[in-house]
There are 2 protein chains.
Amino acid sequence: MNDYLLKNDRDRDCPTDGGDRFQIEVDNAIFSVDLDRHRVLVLLVRQRNSSRFDRWCLPGTFVRLGESLEAAAHRIMSERIRARNLYLEQLYTFDGHSDPLDDRLSHQQLPPPDDGNLTLENPYISVSYFALVRWDEARIMGEGAIGTSWYPLNQVPPLIANYDRILQYGYKRLRNKLEYSPVAFEVLPETFTLSEVYQLYTAVLGEDFSDYSNFRSRLLKLGFLSDTGQKVSRGAGRPASLYRFDARAFEPLKDKPMVFI
Amino acid sequence: MNDYLLKNDRDRDCPTDGGDRFQIEVDNAIFSVDLDRHRVLVLLVRQRNSSRFDRWCLPGTFVRLGESLEAAAHRIMSERIRARNLYLEQLYTFDGHSDPLDDRLSHQQLPPPDDGNLTLENPYISVSYFALVRWDEARIMGEGAIGTSWYPLNQVPPLIANYDRILQYGYKRLRNKLEYSPVAFEVLPETFTLSEVYQLYTAVLGEDFSDYSNFRSRLLKLGFLSDTGQKVSRGAGRPASLYRFDARAFEPLKDKPMVFI
DNA sequence: GCAAAAGTGTTCCGACTACACCCATGC
DNA sequence: GCATGGGTGTAGTCGGAACACTTTTGC
């Protein structure tokens with residue numbers, strides 16, 4: 001077939017060269033939490049094609065030569081939104097021989113578009129990344145990001161085939177991250193009230209994941225939140241203390257298993 | 001540069017075609033546990049090249065057209081060992097512009113080999129998989145697997161650059177999997193003693209992770225180990241009961257967070 | 001005063017730790 | 001008997017769940 005067969009038979013050692021070549025797609029599951037409206041949002045991109053039906057997918061791009069995977073993931077972010085404070089990590093690598101177009105065709109009975117060398121058998125590899133951004137900074141860039149919008153997680157429109165898997169996996173990661181890592185503080189403002197932390201957690205994990213007062217004391221007992229002394233009043237009720245995440249105090253706990261719920 | 005720029009600017013939607021192409025390597029971190037000698041082993045492959053120094057790497061291969069990532073990972077397994085009972089899952093996708101050859105060159109001051117189109121800038125993507133196999137079945141295949149051998153984790157020789165990262169990550173995953181999933185029972189014999197389970201855990205997690213009697217009662221309380229009624233005597237001492245993993249009893253617990261230590 | 005939100009304290013209970021102790025076998 | 005490994009039981013302790021209660025604000 002190709003010369004990798006010869007190569008493999010001759011050497012039987014670490015692969016060096018001779019494999020088939022693939023396009024590598026990076027797709028981001030980008031989440032944000034709107035505390036005021038108490039909901040989780042995901043960034044979607046409209047697929048515009050020759051048909052009249054709009055379908056949606058996660059923002060993605062092809063990896064370029066000389067570009068790292070993470071760099072490609074960052075590039076996706078910066079092309080869509082203007083977020084400075086974000087958390088980004090690799091999610092999973094999906095493969096699939098069902099091309100995105102596969103889905104389009106099967107649903108709409110259209111002839112294949114004349115995209116040149118694109119075929120239904122065109123294999124693809126999607127390295128997906130998980131991102132969480134501050135909602136204040138989650139504004140979509142005007143120019144060049146047409147057809148990009150935030151969707152509440154419970155109102156996500158039908159996605160092109162493989163993006164559903166990525167979104168499911170990403171949401172699962174989001175919940176796990178909240179429970180086992182301090183990722184929440186990367187995406188909260190510099191100073192925040194404990195109630196805001198609680199709002200973030202309930203928006204993602206549901207109302208009944210924990211009692212507020214227990215959540216509160218557990219969080220404080222961990223010892224990496226420092227009281228700024230400042231108070232802030234949000235409408236009626238007693239003013240809340242503003243806290244700050246203390247990275248130095250967290251340092252020794254970094255590699256310990258910890259439950260944040 | 002390439003036509004993906006045009007494509008991106010024109011459409012700003014889901015990627016369809018036009019990216020650069022990459023060779024995709026799949027590399028497996030394959031572990032096994034020798035209960036008798038009480039140690040964890042990893043499968044390494046010797047890199048044979050033009051120099052006189054042997055370096056080692058993890059068994060890997062290039063993904064072929066029409067082959068899924070997981071299929072490639074399985075192919076690596078079947079080319080090296082004859083294991084029927086194994087656990088396999090994706091680990092992480094590494095990228096790197098330091099080609100394996102990069103390392104060889106920098107250490108040994110050799111001129112680049114004439115491998116044709118292979119350059120130091122040759123980018124590569126390595127999708128790594130984590131595997132755990134039964135030690136009884138972990139015998140290396142004779143023909144075609146020359147230069148393949150098991151190494152105890154604490155005696156691993158220097159690996160070619162990027163394989164170290166994969167091995168580290170794989171070992172971390174192994175420990176996590178033992179603690180939070182019943183993966184141990186996929187790799188133990190059909191029936192086993194509780195002491196064997198404990199041996200497996202201590203070999204991986206260290207001697208002091210838990211007291212045997214507490215480990216024992218915690219494990220039994222979970223309720224998915226059924227006593228076969230059979231006893232087995234290993235030398236001196238009271239004979240041990242043989243247990244069996246009860247998949248039906250475990251089913252309802254599958255998605256619950258659980259600690260197995 | 002009253003509602004609303006923040007913050008504190010207290011009781012109950014299950015789970016994990018650290019042992020001590022009993023049981024069955026080989027020699 | 002006695003060493004060896006398997007198996008059981010228990011007292012102490014820690015931490016989370018549930019919930020009552022207090023504090024401080026707006027109106």
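As the structure is a prediction and not an experimental result, all values here were calculated from the model. Lettering follows sequence order; numbering is per chain, from 1.
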Mind checking whether A:Tyr169 and A:Tyr92 have parallel, tilted or perpendicular rings, split at 30° and 60°?
tilted
Holding to side chain to side chain contact (heavy atoms under 4.5 Å, CB included), I want the full list of residues that pass it with A:Pro252, two or more places apart in sequence or in another chain.
none
Kindly state each residue pair satisfying side-chain hydrogen bond (donor to acceptor under 3.5 Å, both in side chains) with at least one member in residues 220-230 of chain B, sequence neighbours excluded.
none
Going by side chain to side chain donor-acceptor pair (under 3.5 Å), name the residues that satisfy it together with A:Ser126, two or more places apart in sequence or in a different chain.
A:Asp27
In degrees, rounded to 10°, what is the bend between the two ends of the helix from C:dG1-D:dC27 to C:dC27-D:dG1, using five pairs at each?
10°
Return the set of residues passing ring pair (Phe, Tyr, Trp, His ring centres under 6.0 Å) with B:Phe224 (not counting sequence neighbours), or none when no residue passes.
B:Phe185, B:Phe245, B:Phe250, B:Phe260
Under the side chain to side chain donor-acceptor pair (under 3.5 Å) test, residues paired with B:Ser213 that sit two or more places apart:
B:Asp211
Would you please name every residue forming a ring pair (Phe, Tyr, Trp, His ring centres under 6.0 Å) with B:Phe130, sequence neighbours left out?
B:Phe31
Test of understanding: with side chain to side chain donor-acceptor pair (under 3.5 Å), list the residues that count as partners of A:Arg84, not counting sequence neighbours.
A:Glu137
Going 5' to 3' along DNA chain C, which are the first and last nucleotides with any atom under 4.0 Å from a heavy atom of chain A?
C:dA4 to C:dG9
Could you pull out all residues at least two apart from A:Tyr180 that satisfy ring pair (Phe, Tyr, Trp, His ring centres under 6.0 Å)?
none
Apply ring pair (Phe, Tyr, Trp, His ring centres under 6.0 Å) to A:Tyr243 and list each qualifying residue two or more places apart in sequence or on a separate chain.
none
What string of B, S and - do you get for nucleotides 2-15 of chain D, 5' to 3', if B is base contact, S is sugar-phosphate-only contact and - is no contact with any protein heavy atom under 4.0 Å?
--BBBSBB------
